[in-house]
Chemist: 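Sharing a structure below in structure tokens format, with a few things to ask.
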Amino acid sequence: MKKRYALILAYDGANYCGWQVQPGVETVQGTLENALSTILRQEVAVTGCGRTDTGVHASYYVAHIEAELNRSITDLRYHLNNFLPADIALIDVQEVSSDFHARFNAVEREYQYVIQLEKNPFMHCYAAFSHQKLEVVKMNEAAKKLLHAEEFGAFCKAGSQNQTNICDVRVAEWIENESQLTFTISANRFLRNMVRAIVGTLIEVGRGKLTVTNFGEIIDSQDRTKAGFSAPANGLFLTDVKYGSDQLDTTNYKRVKLGLNGK
């Protein structure tokens, strides 16, 4: 009998063309489906909590499957981790209700964006590099405006066919730690390319090319052409996905650390 299971994952996106299956290229979803289908000896479709672009990472990603297990959950986790490549880790598997949906039941998502302030050859896949000094105080002043905004069309990739650009941003903050600058943003939902567009525009504020007032005007404009560049994918991590307490048990889950200045 098939049952529904939630999978909690972490992955390094450097070698993948994003999460979603695409013909002729390596993706995280495709790699995971191949591994599950091989181990369970049945076709297994994986539904993820959302898409991540080429080169984007996840220290916490939730997906779900429907399958008939021919082994225990503990055994599945062990064999799947041995089968999967080193850059994808299965952290937990748990049986969930038949109406659990990794994407549609999520109530909040959190991303972090990492900027390396000193050139580090060991971080080039996991952080953007800024050769210019950034005014972090002004970047945080501008970021606060996101908390009071409702529509985010100015930070949505052109051509996206969203029914609405309304998002509830709950956290938006830059923290400087030694040679790194980390931006944390959480919201009930994100538009396509939204985080990278916000980060790129906030970097323009930090460089003095835009003022805090300009940033507010860009939000109000709902015009992507007025916002800044899209920050490189390599610095972006999906770091949390939240559900109702009765849907997913995370009490015993040790979150994967990014390995970035102890974060």
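Just so we're clear, the structure is a prediction, and the values are computed from it rather than from any experiment.
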Chemist: Relative to the ring of Tyr126, is the ring of His57 parallel (under 30°), tilted (30 to 60°) or perpendicular (over 60°)?
Modeler: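 Geometry flag for Tyr126 against His57: tilted rings.
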Chemist: Distance only, no hydrogens: is a donor on one side chain within 3.5 Å (strictly under) of an acceptor on the other, for Thr27 and Gln22?
Modeler: no
Chemist: Tell me, do Leu32 and Leu80 make a side-chain contact under 4.5 Å, heavy atoms counted?
Modeler: yes
Chemist: Hey, does Val169 have a side-chain heavy atom less than 4.5 Å from the side chain of Ile185?
Modeler: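 A side-chain contact exists here, since the closest heavy-atom pair is under 4.5 Å.
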Chemist: Tell me, please, which residues at least two apart from Phe152 pass ring pair (Phe, Tyr, Trp, His ring centres under 6.0 Å).
Modeler: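 Not a single residue meets the ring pair (Phe, Tyr, Trp, His ring centres under 6.0 Å) criterion with Phe152.
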Chemist: Which residues satisfy the side chain to side chain donor-acceptor pair (under 3.5 Å) test with Asn188, sequence neighbours excluded?
Modeler: none
Chemist: In this structure, which one of Leu134, Ile198, Leu181 forms a side chain to side chain contact (heavy atoms under 4.5 Å, CB included) with Ile203?
Modeler: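 The passing option is Leu134.
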Chemist: Is Glu66 close to Val44 at the side-chain level, that is, under 4.5 Å between some pair of heavy atoms?
Modeler: no
Chemist: Verify the distance criterion only: is there a donor paired with an acceptor across the side chains of Thr182 and Gln112 at less than 3.5 Å?
Modeler: no
Chemist: Any luck finding a side-chain donor-acceptor pair between Gln180 and Gln116 under 3.5 Å?
Modeler: yes
Chemist: Let me know which of Trp19, Tyr11, Tyr61 forms a side-chain hydrogen bond (donor to acceptor under 3.5 Å, both in side chains) with Thr52.
Modeler: Tyr11
Chemist: Could you give me the CA-CA distance, side-chain angles and deciding distance for Tyr111 and Phe190, then say whether ring pair (Phe, Tyr, Trp, His ring centres under 6.0 Å) is met?
Modeler: CA-CA 10 Å; Tyr111 286 89; Phe190 287 92; 5.1 Å; yes
Chemist: Restricting to side chain to side chain contact (heavy atoms under 4.5 Å, CB included), what partner residues turn up for Glu150, sequence neighbours left out?
Modeler: none
Chemist: Closer than 3.5 angstrom, by distance alone: can the side chain of Arg71 be matched with the main-chain N or O of His79 as a donor-acceptor pair?
Modeler: no
Chemist: Under the rule for side chain to side chain donor-acceptor pair (under 3.5 Å), what residues qualify as partners of Tyr113, not counting sequence neighbours?
Modeler: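 Tyr113: no side chain to side chain donor-acceptor pair (under 3.5 Å) contacts found.
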Chemist: Can a donor-acceptor pair be found between the side chains of Glu118 and Asn120 at a distance below 3.5 Å?
Modeler: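 No, no side-chain donor-acceptor contact under 3.5 Å.
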Chemist: Mind checking ring pair (Phe, Tyr, Trp, His ring centres under 6.0 Å) for Phe104 and listing every partner two or more places apart, or none if nothing turns up?
Modeler: His101
Chemist: Closer than 3.5 angstrom, by distance alone: can the side chain of Gln29 be matched with the main-chain N or O of Val21 as a donor-acceptor pair?
Modeler: yes
Chemist: So do Phe183 and Val114 actually touch side chain to side chain, heavy atoms under 4.5 Å?
Modeler: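 When only atoms from C-beta onward are counted, Phe183 and Val114 do not touch, as no gap falls below 4.5 Å.
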Chemist: Mind checking salt bridge (Lys or Arg N to Asp or Glu O under 4.0 Å) for Arg103 and listing every partner two or more places apart, or none if nothing turns up?
Modeler: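 If we apply the salt bridge (Lys or Arg N to Asp or Glu O under 4.0 Å) test to Arg103, skipping adjacent residues, there are no hits.
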